[in-house]
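First the proteins, then the strands, lettered A, B, ... as listed; each starts at 1. Excluded from the calculations below are hydrogen atoms, water molecules and symmetry mates; all remaining heavy atoms, backbone and side chain alike, are included.
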4 protein chains.
Amino acid sequence: MVSFNRVILAGNLTRDPELRFTSDGVPVCSFGIAVNRVRSRNEEVDFFDVSAWRELGETIANYKKKGDPILIEGRLQYRTWEAQDGTKRSKVDIVADNVQFLGRGGDPGDGGTSSGGQARRGRRDDEVDINESDFDDIPF
Amino acid sequence: MVSFNRVILAGNLTRDPELRFTSDGVPVCSFGIAVNRVRSRNEEVDFFDVSAWRELGETIANYKKKGDPILIEGRLQYRTWEAQDGTKRSKVDIVADNVQFLGRGGDPGDGGTSSGGQARRGRRDDEVDINESDFDDIPF
Amino acid sequence: MVSFNRVILAGNLTRDPELRFTSDGVPVCSFGIAVNRVRSRNEEVDFFDVSAWRELGETIANYKKKGDPILIEGRLQYRTWEAQDGTKRSKVDIVADNVQFLGRGGDPGDGGTSSGGQARRGRRDDEVDINESDFDDIPF
Amino acid sequence: MVSFNRVILAGNLTRDPELRFTSDGVPVCSFGIAVNRVRSRNEEVDFFDVSAWRELGETIANYKKKGDPILIEGRLQYRTWEAQDGTKRSKVDIVADNVQFLGRGGDPGDGGTSSGGQARRGRRDDEVDINESDFDDIPF
DNA sequence: TTTT
DNA sequence: TTTT
C-alpha cells in the first residue's frame, strides 16, 4: 500500500503566527499563508492554513509576523469535526516539518540580513504522539 | 513576491474518476485519493479531492478506477463558493499536472504489467484559461 | 541565506543494495536507481547513486534487490575526492531520508502483496554526525 | 515501469549565468548553484550545475548574476561523455523547468523590490526535442 | 479570515 | 463521500 505526502509552498503569512499548547504542554504554532497564483491573469491567490509543532513552531512564532515571506515543506492533512449545528465538516491544511525564512530587505527578525534563515523540527512529525483531542478546544 | 506551490501524493483512488466537460468542451476529471498516514499507530488516512484537465484527465478517466494506486504531482488549490444557505464556504484540493499509474499485480488497465505507466498534461495548468464559471453548475 | 534541497525519484534498483558500516558501526546502504525519462522518444534513462543511513539503510538492504521499483525522497549531495592520479574529482548523488517500496506483482519481499511498503529514517539526516572520513576507504 | 524525477533547490548562483544557443538557435542557460547544508556544523556546501532552456533560460540570463538567491524546480539529469583521454565520464546535473527569483534587499534586477519574481518555461522540458548532439561542442 |  |  503505497503512500506519499509532500507539499512545498512559498508565500506570505496572512496573519501573525499564533502559538498555543496542548494540555501536555506541547507547543503548536498556527498561521495562514497566501500563495499568489503564478501566470494568473486575474491575480488569484490561494490561502492555506499551516501548523508547526514544537521547536519549529516556537521559532516561527518568535521570528515571523503577518506579511513575511516563507518557504514551507510539510505534509497535507485532512481533518474532520462536527460543526455547532451537528453537521460533519472537513478541512485540508498543512503540517510543516521544515521552514525557510525568506528575506525582505532590512527586515529585523531576519537577523539584519535581507536574505533568509532556516528552521527545522527536531523530530519528524510522524513520531509525534499528540492529537487534536489533546486540546481543550478546537485547535484550528 | 515569492510564490511556489507543489504537491506530491501517492495513494489509492477512493472512487471511480468522473469525467466532465466545461461549456467550452474542455475535459476535466475529478477523483478522490486516500493517503494512508505513515507511522501512524491508529491507521489514520488523509482524503483529498483531485482534478486533472484535458488529456491528463481523459487518461485517468480511461484507465483508472476505485482502489487503484496512483502517484500525483500538482498544485494545491483554494476555492470559495457560497453554500445553499448563503454562508461562504471554502475548500482546498489538488490540481494534478503529472500522474504515475502505480501497479497492482496483474491488473488489466495497467496494460497487463503489474508495474506502472505514466501520463502528463500537454500544457501546464498555468496556461489554462478556464475557470469554475465555465461550468453550468458547481464543478466540485 | 536561503537553502533548500529536496529530491523525489521513482525508478528501479540497478543493483542489489550493499550494506556497509562506518568505523563507528553506523550502517549505510548504497544502491543505484534507474529512472526512465518520461516522454523521451529514445528511451533515455537517468542513473543515480543513492545512500541511506541507519535503519532506513538496513530496511532497504534487507528487503530490496536489483530490479525492484522504489520511490525515494531525500537530498542531493555533492562530494569531492582526489583520484588515484591526483586529480580532483566530484560527484552528485542522493541521500535518502524516506523510501517507499513500490510493488511488483506477487513479489516476495513485498510481504506477499503486490502493492508496496514504507520505510523512513528514525532520525533526519541533518542530525547525522558521520562523515566520509569515518570510513576506512572511499564510501562510494 | 514507474518513473518520477523531481528536484527543488534554493541557494545562490556561483557564477553569472551563461547563455548559449544550439545549432538550431535554441537558447540554453547554464549556471551553478550553491546550497548551504542546513544544520551542518562545518558549514558544508553542495554545488550543482543547472541548465534552463528557451524563455526560462533567457530570463535567468537577463536578470540574475553571481551571488543571487534563487529557487529552482526541475529534474535530475544523468549525462555521459568521453573525456580527452578516452575514459568514460559521467555527471549529474539539473534541468530547471521553473524558477523563482528570491530577493536581496534593494537589488536592481529584482525590479527594485527586495522580494522576488517568477519565471517558467513555456513548454515542459519533456517536449523538448533537442539534445547535446545539437551543440557543436560540449555544452557543460 | 487573508499576504506582497 | 472514502482506498489498500
Task: By salt bridge (charged side-chain N to carboxylate O under 4.0 Å, His left out) - contacts of A:D49 (at least two apart) - done: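 Listed in chain order: A:R15, A:K91.
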
Between [N] ([atom2]) and [X] ([atom1]): distance, integer Å:
X     : N     : atom1 : atom2 : answer
A:D16 : E:dT2 : CG    : C1'   : 12 Å
A:K66 : E:dT2 : NZ    : C1'   : 7 Å
A:F48 : E:dT1 : CZ    : P     : 17 Å
A:F4  : F:dT3 : CZ    : P     : 23 Å
A:F47 : E:dT3 : CZ    : C1'   : 7 Å
B:K91 : F:dT1 : NZ    : C1'   : 11 Å
A:I60 : E:dT3 : CD1   : C1'   : 16 Å
A:Y78 : F:dT3 : OH    : P     : 12 Å

Task: Nucleotide nearest B:R15 when distance is taken to its side chain, options F:dT3, F:dT1, E:dT3 - done: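 The listed nucleotide nearest to B:R15's side chain is F:dT1.
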
Task: Out of F:dT1, E:dT1, E:dT2, whichever nucleotide has its closest atom nearest the side chain of B:K88 - done: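 Of the options given, the side chain of B:K88 lies nearest E:dT1.
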
- [ ] Using the salt bridge (Lys or Arg N to Asp or Glu O under 4.0 Å) rule, take A:E82 and A:R89 through it: C-alpha gap first, then chi angles, then the decisive distance, then the call.
- [x] CA-CA 6 Å; A:E82 196 160 319; A:R89 306 293 299 276; over 6 Å; no

Task: For B:V45, all residues meeting side-chain contact (heavy atoms from CB on, under 4.5 Å), sequence neighbours excluded - done: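 For B:V45 the side-chain contact (heavy atoms from CB on, under 4.5 Å) partners, ignoring immediate neighbours, are B:A34, B:N36, B:F47.
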
- [ ] Give one of base, sugar-phosphate or nothing for A:D49, where a contact means two heavy atoms less than 4.0 Å apart.
- [x]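 Base: the residue A:D49, judged by heavy atoms under 4.0 Å, touches a nucleobase.
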
TODO: Just say parallel, tilted or perpendicular for the rings of B:Y78 and A:F48, cut-offs at 30° and 60°.
DONE: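 Because their plane-to-plane angle is over 60°, the rings of B:Y78 and A:F48 count as perpendicular.
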
Open item on the list: Once hydrogens and angles are ignored, does a donor-acceptor distance under 3.5 Å link the base of E:dT2 to the side chain of A:N12?
Closed with: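 For A:N12, whose side chain was compared with the base of E:dT2, there is no donor-acceptor pair (under 3.5 Å).
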
